[in-house]
Amino acid sequence: MKEQQSVGIVVPQTAHFSDPLPLKSGGVLPQYDLVYETYGTLNAARSNAVLVCHALSGSHHVAGRYADGGAEGWWDNLVGPGKPLDTRRFFVIGVNNLGGCYGSSGPNCINPATGKPWGADFPFVTVEDWVDAQARLADRLGIERFAAVVGGSLGGMQALSWTLQYPDRVAHALVIASAPKLTAQNIAFNEVARQAILKDPEFHGGHYYEHGVVPTRGLALARMIGHITYLSDDAMGQKFGRALRHDKPVFSYDVEFEIESYLRYQGDKFAGFFDANTYLLTTKALDYYDPAFDYNGDLVAALGRAKADYLVVSFSTDWRFAPSRSREIVYALMHSDRRVSYTEIDCPAGHDSFLLDDPQYHGILRAYIDNIRV
Amino acid sequence: MSFQRYDYDVIANWIEPGERILDLGCGDGSLLRYLAEVRQVRGYGVEKDPERVLACARNGINVIQIDMEEGLAGFDDGFFDHVIMSLSLQAMHNTQGILKEMLRVGREAVVSFPNFAYWRHRQAILNGHMPVSKNLPHQWYNTPNIRFFTIADFDDLCAQEGIAIHERLAFDEDKVITDEPNFLASVALYRLGRSEAPTG
């Protein structure tokens with residue numbers, strides 16, 4: 001077993017783009033910034049670059065730590081020297097997507113046209129728009145072709161979309177805990193989350209920055225709903241069960257069950273740093289993603305352009321992005337004559353499993369990534 | 001289940017270069033790897049066991065981790081040229097179902113299995129013990145095998161199910177057995193097709 005290390009202290013960078021970016025919605029971003037981090041070294045042939053795409057609440061901070069402290073990158077267990085995505089071999093890039101709230105252009109940034117925060121006027125961005133922006137960053141960094149694009153959940157949709165939008169620029173896509181499009185039930189969860197934000201009296205039509213307030217109640221509720229769907233029934237039962245704070249019912253709407261305490265804590269914590277407009281935009285990007293839409297729902301036809309090889313991974317207890325959804329991708333890829341491997345990891349943690357380091361899961365990732373030629 | 005080279009060679013001889021191949025119960029993917037090497041096949045393996053799936057990933061084989069007992073519902077009709085099940089049929093519950101599925105998604109099916117009527121196995125039973133051999137390496141209490149059948153039994157099943165036997169080869173070790181295969185052969189390999197006119 002190789003020794004696993006951290007990438008250490010990392011420093012985010014910002015790339016400014018002054019060429020307008022046409023968006024799928026028909027709108028245009030006249031100029032924009034992308035914040036990103038890199039780990040490892042780009043080789044002379046520029047053939048060892050790997051892009052890691054983030055999901056709903058992720059960021060460009062994939063691995064390592066900042067000099068002034070703060071949290072480890074959100075996928076630190078995957079990326080680093082000796083880790084499955086080994087930075088001694090690969091040059092790994094994390095990018096905060098457009099519309100995000102971690103430094104890339106988004107609703108909480110100043111709209112150059114008005115001198116005020118974009119707020120609700122920030123244009124709708126889609127998975128395809130994110131990929132287009134990431135491709136421009138790749139151009140800037142001199143990366144013609146990625147050895148791999150990797151992502152979980154919404155990040156997996158970006159990895160899949162990369163292989164359709166830029167088939168010659170991706171050798172491998174790792175599509176983890178994802179789906180070819182959301183189901184009605186999945187969109188429904190997103191809609192409840194959005195309504196929680198939109199109906200918060202402090203939302204002010206998305207222009208809450210100017211009012212000096214934040215729709216924290218709505219955002220916290222949105223996060224609570226999301227969190228329930230990211231965990232499995234079993235995992236929640238095992239962690240909290242019906243444990244009571246006062247050991248017996250006290251007939252109150254205050255926190256009694258430990259699960260209530262946990263959800264409120266997670267919701268409040270999230271509302272303290274995440275932007276509500278970003279949450280709205282990102283859930284809509286999830287809902288809109290459907291590469292087969294322009295092909296009468298025929299995913300095999302939609303994947304006809306692809307040239308990459310694929311690893312698709314699902315988790316047995318993930319009901320938000322269930323294994324059956326991953327298998328739809330797998331069968332469509334197979335019937336498009338793409339090289340594809342698929343594994344369903346038996347992990348109790350639900351959708352969040354993709355962020356854990358289950359030995360079988362990381363074993364498969366390591367085995368697959370080790371076979372990627374650079 | 002250990003493969004012997006003659007197994008590989010027989011199967012390779014039944015396959016044209018560049019075919020689409022599905023290997024059910026593909027183990028560590030070594031057969032697919034061999035077929036990719038000698039026949040440049042576009043191959044996919046199906047495997048349920050996590051350790052073997054990991055071995056396939058290490059071997060660079062396309063592996064799809066599903067439980068084939070549940071059928072091959074995600075696979076289109078006739079997509080594959082050959083669907084292979086090597087030394088695994090005896091470990092399947094849904095024998096008829098999987099044979100039907102193999103011939104639905106494949107133009108032809110290739111099936112190999114240990115012949116329980118092999119004379120050494122008969123001898124073991126006569127001596128009062130369940131057979132343990134190179135092709136039946138497990139003890140009765142830990143064997144993954146759940147269907148105990150013979151070449152004669154399988155021929156009957158094919159007739160009953162309307163499955164056409166395009167070719168059959170029987171072996172003892174690596175020797176081809178043509179006389180009395182149900183008595184003298186330890187392993188049989190079949191090349192199967194959909195029957196024009198089902199008899200079953």
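Below, read A as the first sequence line, B as the second, and so on, with proteins coming before strands; counting in each chain starts at 1.
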Margin query: Taking side chain as everything from C-beta outward and backbone as N, CA, C, O, which of these in B:I61 sits under 4.5 Å from a heavy atom of chain A? Side chain, backbone, both or neither.
Written below: backbone
Check: Do you know which of B:D81, B:I84, B:V110 makes side chain to side chain contact (heavy atoms under 4.5 Å, CB included) with B:I15?
Finding: B:I84
Next item on the list: Give me the contact list for residues 313-330 of chain A versus chain B, heavy atoms only, anything under 4.5 Å, ordered by residue number.
Entry: A:R327, A:V330
Check: Does some side-chain heavy atom of B:V187 sit less than 4.5 Å from a side-chain heavy atom of B:N115?
Finding: no
Note to self: For A:Y295, I'd like to know if atom OH has over 12 heavy atoms of other residues, nucleotides or ligands within 6.0 Å.
What the structure shows: yes
Next item on the list: Could you tell me which portion of B:R58 (side chain, backbone, both or neither) has an atom closer than 4.5 angstrom to a non-hydrogen atom of chain A?
Entry: both
Check: Does B:D77 have any salt bridge (charged side-chain N to carboxylate O under 4.0 Å, His left out) partners at least two apart in sequence or in another chain, and if so, which?
Finding: B:R104
Next item on the list: Establish, for the pair B:R20 and B:F79, whether the NZ or CZ atom is under 6.0 angstrom from the six-membered ring centre and no further than 45 degrees off its axis.
Entry: yes
Check: Pick from B:M92, B:H93, B:Q90: which one makes a side chain to side chain contact (heavy atoms under 4.5 Å, CB included) with B:I146?
Finding: B:H93
Next item on the list: Measure across A:Q165 and A:E128 and return the closest heavy-atom pair with its distance rounded to 0.1 Å.
Entry: NE2-O, 3.0 Å
Notebook entry, point to check: Can we say A:K307 and A:D168 salt-bridge, meaning some charged N sits less than 4.0 Å from an Asp/Glu carboxylate O?
Noted result: yes
Margin query: With a strict 4.5 Å heavy-atom criterion, list every residue of residues 332-363 of chain A that contacts chain B, or say none.
Written below: A:M334, A:H335, A:D337, A:R338, A:R339, A:V340, A:S341, A:Y342, A:T343, A:E344, A:Q360, A:G363
Next item on the list: Would you please indicate if the ring centroids of B:F154 and B:Y190 are separated by under 6.0 Å?
Entry: yes
Checklist line | Pair listing, salt bridge (charged side-chain N to carboxylate O under 4.0 Å, His left out) test, anchored in residues 142-155 of chain B, at least two apart | finding: B:D155-B:R168
